[in-house]
Amino acid sequence: MNVPTLAEWLERIERQHPRAIDMGLERVAEVAARMALSRPAARVVTVAGTNGKGSTVAFIEAIVRAAGLSVGAYTSPHLLAYNERVRINGIDAADADLVEAFEAVEAARGATTLTYFEHGTLAALWLFERAGLDLAILEVGLGGRLDATNIVDPDVAVVTTVDLDHQAWLGEDRERIGHEKAGIARAWKPLVIGDDDPPSSVLRHAYAVGAPAIRVGCDFFFEPPAGDAASWSWREVGCELELPLPPLAAPVQLRNAAVAIAAVRALDLPVAAQDIERGVATASVAGRLQRFEREGVEVLVDVGHNPQAAAALADFLAIGDAGGAVHAVYAALDDKDVAGVVSALAGRVGRWYLAGLEDAGPRGQTVDALAERLAGTAAGQASRHPGVDAALAAALAAAVPGDRVLAFGSFHTAAAALAALG
């Protein structure tokens, strides 16, 4: 009998549930019980938030690995290969391991239908449990309270930021969205908050369940480098650290690193100051202002897809402005606030190139549909291209040495740009 390949398994689980997103814990918890899943690791951190989740996971992972501990990280979505979603000790899961895990989920599923993400979450938990890990880091897929990762009780919960995104599922304002994200908090377990001004719903939920809140700007602090200094500082009561600048480029990454340090310290793991230094200095994650150079033109690829992320990109472009023009290649899914994204970057971009994402599934859109939604904005007169590869080629053809090209707008955009760049 032929064993299905990973690609065949992914096709199968994508077709199984009638809806791509079906929030709720009942189905996934039922199958997890049939699989006899217990704890995926000795300690668990769950990371929610509108932006910064993937980078925060990467910092936690790098710090704890620098201490010589074993770590599993579950993230989503992936850029180039599904295997990226499940890492054990820094290595992406092999096809054969993922196939075995999907078979274990299927054997326990029975008549219960699971979404693509629920299948993947159970498979990752199954692999982590068998690896004997010191720490498992789980990145929430959507929201928090009803996300499949929330069947696991974390020792530390993290909410990076709260802003408007996925309103169709999470609510129309920050208060409702904050309530959904804070749903990963557990009684008497720390909740690390990386938002300077979190919605009151986050703090209210933490208080209601008895989760001690550890807040940036209140319980821990970070300061960017002064002038051209090559270090930044992190401190809490009884601890102060001078740390190297991370290779992750954007200013917002210092906040993500600071939140990760607070989460690691809340875990009470044997992690020393030098482990934190090494972890911060080595953490990396693809598609977060990932840099390339093409004939004197700097090319930046980023997954940013909402106004808050676009504002962070604008901050980065302002700091690194050397006088050259910025060419923006932009492609987005149809449920995103595209006008808000363009508005956040309008003052930093000289020329826009729009692209379609027709192969991105039900949420994809044509370039004409995107352009119609951007009428009257700074990108309203942008050139139109059927795909990201064509838009990127046009931007590179127009750019001159000293210019910068920014390709961004979604994970699909970043993946297509990375593939085009080789």
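- Side-chain atoms of Asp403 come within 3.5 Å of backbone N or O of Ala325 as a donor-acceptor pair.
- Although no hydrogens or angles enter the test, the distance criterion places no donor-acceptor pair under 3.5 Å between the side chain of Ser55 and the main chain of Gly52.
- Among all heavy-atom pairs drawn from Ala185 and His205, the shortest one is CB-CD2, 4.3 Å.
- Other residues, nucleotides and ligands contribute at most 12 non-hydrogen atoms within 6.0 Å of the OH atom of Tyr207.
- For the atom pair CZ of Arg235 and CZ of Phe222, the computed distance is 11.5 Å after rounding to the nearest 0.5 Å.
- In the displayed structure, Gln274 atom CD is contacted under 6.0 Å by more than 12 heavy atoms of other residues, nucleotides or ligands.
- A donor-acceptor pair under 3.5 Å links the side-chain atoms of Tyr74 to the main chain of Thr121, judged by distance alone.
- Counting only residues at least two apart or on different chains, the ring pair (Phe, Tyr, Trp, His ring centres under 6.0 Å) pairs with a member in residues 326-353 are His327-Tyr353, Tyr330-Phe408.
- Neither side chain, Asn51 nor Thr161, offers a donor N or O lying under 3.5 Å from an acceptor on the other.
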Requested in this report: Mind running side-chain contact (heavy atoms from CB on, under 4.5 Å) on Ser233 and Phe221 for me, showing each step along the way?
Outcome: CA-CA 8 Å; Ser233 63; Phe221 306 83; over 6 Å; no
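- With contacts defined as side-chain heavy-atom distances shorter than 4.5 Å, the pair Val301/Leu421 qualifies.
- Checking side-chain atoms of Glu129 against main-chain N and O of Ser38 turns up a donor-acceptor pair under 3.5 Å.
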Report task. Might you work through the side-chain contact (heavy atoms from CB on, under 4.5 Å) test for Arg363 and Lys336, ending with a clear yes or no? Result -> CA-CA 10 Å; Arg363 297 161 65 203; Lys336 298 303 175 185; 3.9 Å; yes
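- A donor-acceptor contact shorter than 3.5 Å links the side chain of Arg27 to the backbone of Thr113.
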**Report entry** Working for side-chain contact (heavy atoms from CB on, under 4.5 Å), residues Lys181 and Thr50
**Finding:** CA-CA 9 Å; Lys181 295 186 185 301; Thr50 303; 3.3 Å; yes
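- Side-chain atoms of Glu84 come within 3.5 Å of backbone N or O of Leu79 as a donor-acceptor pair.
- Atom CG of residue Leu357 and atom CD of residue Gln365 lie 7.5 Å apart, to the nearest 0.5 angstrom.
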Report task. For the pair Arg255 and Asp196, evaluate salt bridge (Lys or Arg N to Asp or Glu O under 4.0 Å) and give the outcome as yes or no after the intermediate values. Result -> CA-CA 10 Å; Arg255 178 179 298 273; Asp196 285 329; 2.8 Å; yes
Report task. Give the C-alpha distance, both sets of side-chain angles, the deciding distance and a yes or no for side-chain contact (heavy atoms from CB on, under 4.5 Å) between Leu122 and Leu37. Result -> CA-CA 9 Å; Leu122 290 169; Leu37 292 178; 3.9 Å; yes
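- Residue Gln381 qualifies as open at atom CD: its count of foreign heavy atoms under 6.0 Å is 12 or below.
- Under the 4.5 Å side-chain criterion, counting only non-hydrogen atoms from C-beta, Val405 is not in contact with Val326.
- Under the side chain to side chain contact (heavy atoms under 4.5 Å, CB included) criterion, Asn83 pairs with Leu6, Ala81, Asp92, Asp95, Leu98, not counting sequence neighbours.
- The two atoms that bring Pro198 and Ile193 nearest to each other are CB-CG2, 3.9 Å, heavy atoms only.
- Side-chain polar atoms of Ser200 and Glu175 form a donor-acceptor pair below 3.5 angstrom.
- Minimum heavy-atom separation, Thr149 to Leu138: O-CD1, 4.1 Å.
- Of the possible polar contacts, one joining the Arg288 side chain to the Ala286 backbone as a donor-acceptor pair under 3.5 Å is found.
- A heavy-atom distance below 4.5 Å is not found between the side chains of Glu298 and Glu293.
- Between Asn89 and Ile91, every side-chain heavy-atom pair lies at or beyond the 4.5 Å cut-off.
- Under 3.5 Å, the side chains of Ser76 and His78 contain no donor-acceptor pair of N or O atoms.
- Distance alone, capped at 3.5 Å, places no donor-acceptor pair between the Trp126 side chain and the Ala101 backbone.
- Using a 4.5 Å heavy-atom threshold, the side chains of Gln253 and Phe59 count as touching.
- In terms of heavy atoms, Val280 sits closest to Pro244 at CG1-O, 3.4 Å.
- Panel note: side chain Asn306, backbone Ala309; a donor-acceptor pair is recorded below 3.5 Å.
- With hydrogens and angles disregarded, a donor-acceptor distance shorter than 3.5 Å links the side chain of Arg39 to the backbone of Asp153.
- Within a 6.0 Å radius of CD in Glu372, no more than 12 heavy atoms belonging to other residues, nucleotides or ligands are found.
- Using cut-offs of 30° and 60° on the angle between ring planes, the pair Tyr116 and Tyr82 is perpendicular.
- Between the side chains of Asp368 and Thr366, no donor-acceptor pair is found at a separation under 3.5 Å.
- The minimum heavy-atom distance between Ala48 and Ile184, with the atom names listed, is CB-CD1, 3.7 Å.
- Considering only heavy atoms from C-beta on, Pro199 stays 4.5 Å or farther from Ile177 through its side chain.
- Minimum interatomic distance between Pro270 and Asp275 (heavy atoms only, all atoms of both residues): O-OD2, 4.3 Å.
- Contact of the Leu254 side chain with the Pro225 side chain is registered, since non-hydrogen atoms from C-beta on lie closer than 4.5 Å.
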Query raised in the report: Arg174 and Asp195: salt bridge (Lys or Arg N to Asp or Glu O under 4.0 Å), yes or no, with the steps?
Result: CA-CA 12 Å; Arg174 289 183 77 236; Asp195 200 308; 3.3 Å; yes
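- We find that Asp134 and Arg65 are not joined by a salt bridge, their nearest charged nitrogen and carboxylate oxygen being 4.0 Å or further apart.
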